Novice: 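Next up is a structure, given as structure tokens.
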Amino acid sequence: MKTCKLILLFFALSLMASCNNNKEDNTTDNTSYEVVDRNDIQRIEPPHWWVGFKSDSLQLLVHHIDIANYEPSVSNKSISIKNVSKGNNSNNYLFIDLDISKAKAGKFNIKFSNEEDELIATYSLEDRLKPAEDYIGFSSSDAIYLITPDRFVNGNEINDVPLGAEGQAFMLEKTIDRSNDYARHGGDIQGVINHIDYIKDMGFTAIWPQPMLTNDMYEGSYHGYAVTDLYQIDPRFGTLDEYKTLSKKLRENNMKLVMDQVANHCGLQHWWMKDLPFKDWVNHQDNFEYNIDNWDWKVTKRSNHRRTTNQDTYASQADKKGNNEGWFVATMPDLNQRNPYMAKYIIQNSIWWIETAQLGGIRQDTYPYPDKDFMSDWAGAIMTEYPNFSIVGEEWSYNPLLIGYWQEGAKNKDGYDSNLKSTMDFAMQQKVVDGIKEEESWDKGLVKIYEGLANDFHYPSPKDIMVFPDNHDMSRIFTQMDGDEANTKMALATYATMPRIVQMYYGTEILMNDFDKPGDHGLIRTDFPGGWQGDTVNAFTGEGLTDAQKEMQNFVKQLFNYRKNSKAIHDGKTVHFAPFAGTYFLYRTFEDETVVLILNKNEEPIAIDLNYQSEMGLKGKTLKNIITGESKLWGDVIELKEKGVTLLTTKL
Ligand code: CA
């Protein structure tokens, strides 16, 4: 053995393998056969993995012609194959369960053999970059900027229409067309990277870009929700390295990257739709016929979108299945999470992205559509690996009972525990709009906000719920407010001050709107001015913005920059007073910081007697206006000169 080691010291590394092979007791290298860097296999997913997870199992999906007729073995003695499964619908799949509990980081080979043939794939296990506890998810201390990446900034025109080796456009959508609201416009990851400073300067601490994974669909692929490869960044958005750079640069700025994920469905052109491994890989697979060459498919059953069937104790099985198993839309096959291989695939895919991109959170699309027991397992698996992480699930419901049902810790009658830290507050979104727009009466107007927040008693943790003035699926807040700037400011300040995580859609700060076709998705997701070469208006520099746009941009900047460091807003106690004479007062207090939100709907000047709010203990204190910077003594009366929001703080 000594001779052997000397040889190793002085000669080429290639000798190492033969030397090790001669060892009987291999303590320095536990390969049972030589590791070569080779890949004969078409696709293995996840493409690599890590050691050091709490879960010590790993399931590989192997996709290769006739692979079911091969026997796999691994080259590493510390890794064992626990189980090998074949699909019941295609011979081109193997699902290999590995026990990696004793494995160390490094490469190993998986050998696929049968009597006639041998194929080899090199697989890599890596060390994790940071402790699991250091993955800190978003919380009420965060303000999240939602971006439609195709529509924000075109930072790289070369990737607008990616070209193959022969100079041909290879994505199914072969052009960009900025005049078409439903076509690709060219925005990308580099564009976001180039403007992190702007987003940070506006006071935001996290970004949520709509999905950036490949959507190689024939049309309407710009929004990202029809994923056709769950392990690939869409080449029109950029590369995996660019995505990782985006995350890194955000972290360098103390900001988080929230990834938009979709467990419910994929895009019709997903690679596996041409060769489904199991007979139940997607729901309603029996009715599915598809000719990949001419974009011709038989429409299968659509979801009935009856989302209350998840909670309804009277719901029929037919309605439940109709919601959970129907396809969201005809071009988005409904994934069957009750198939254990699909379930494992989705969970591992989420973890792969958290670890690869060092994520600061996940936003999960269409939460009430997948199998809800699976969703609990999915969130549970992630939170077990990353105890300080955050996930927000989307359910578009105005009913606080449903919003509360999905939040971890809810005392649900059916015993359901979601493991989900955050849900979305469509209810308060609506209450704030109604509260500000409606004419005041006993049961209309500001009382909607007052009574809306009163529903917080129902939630396990109100401050972990995400509220928002607008998003990519609804009219811009300026449109919802009928173009009233004062009302828009009132709304923004209310969302940003209440005990919630807050999210705002890009461009809301410059009064982007959808007046021409209210609610039209393509229009809502308009290009951000200044994001494209030759734009005559540039919201990043202020060039060409109207005074009203500049004023709103400044308002948002003051509001969110204050919020960024406000313990009172992040974690403070909340007290509010029933609306009075067209006004509403909301207090947030943490130690010596008190923030007061005052909404005033009176067009004419009004003086409000503050003595009935004496329990807040502000009398005689000086308060600063967060937006204007002016300071005033809190006395017996406050004079409100015009309709709008007044946001005050004791922090001078
Ligand atoms: Ca581009």
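Counting starts at 1 for both ligands and their atoms, in listed order. Remember, it's a predicted structure, so these values are computed and weren't measured experimentally.
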Novice: Within 3.0 Å of the Ca ion (ligand 1), is there any N, O or S atom belonging to D188?
Specialist: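 D188 does place an N, O or S atom closer than 3.0 Å to the Ca ion (ligand 1).
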Novice: Ring centres under 6.0 Å, that's the criterion: do H305 and W396 meet it?
Specialist: no
Novice: Can you tell me which N/O/S atom of D160 has the shortest distance to the Ca ion (ligand 1)?
Specialist: OD1
Novice: Decide, counting backbone as well as side-chain atoms, whether G191 has an N, O or S atom less than 3.0 Å from the Ca ion (ligand 1).
Specialist: no
Novice: Could you check whether D520 and Y182, counting side-chain N and O atoms only, form a donor-acceptor pair closer than 3.5 Å?
Specialist: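 A pair is found: one side chain offers a donor N or O, the other an acceptor, under 3.5 Å apart.
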Novice: Suppose you place the vertex at the Ca ion (ligand 1); what is the angle out to N159 OD1 and G186 O, to 10°?
Specialist: 140°
Novice: So, N154 and the Ca ion (ligand 1): N/O/S under 3.0 Å, yes or no?
Specialist: yes
Novice: Is a side-chain donor-acceptor pair under 3.5 Å present for N154 with D160?
Specialist: yes
Novice: Is the distance between the ring centroids of Y231 and W271 under 6.0 Å?
Specialist: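 No, ring centres 6.0 Å or more apart.
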Novice: For the aromatic rings, using the six-membered ring if either is Trp, is the centroid distance between W272 and Y345 under 6.0 Å?
Specialist: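 Between Y345 and W272, which both carry aromatic rings, the centre distance is below 6.0 Å.
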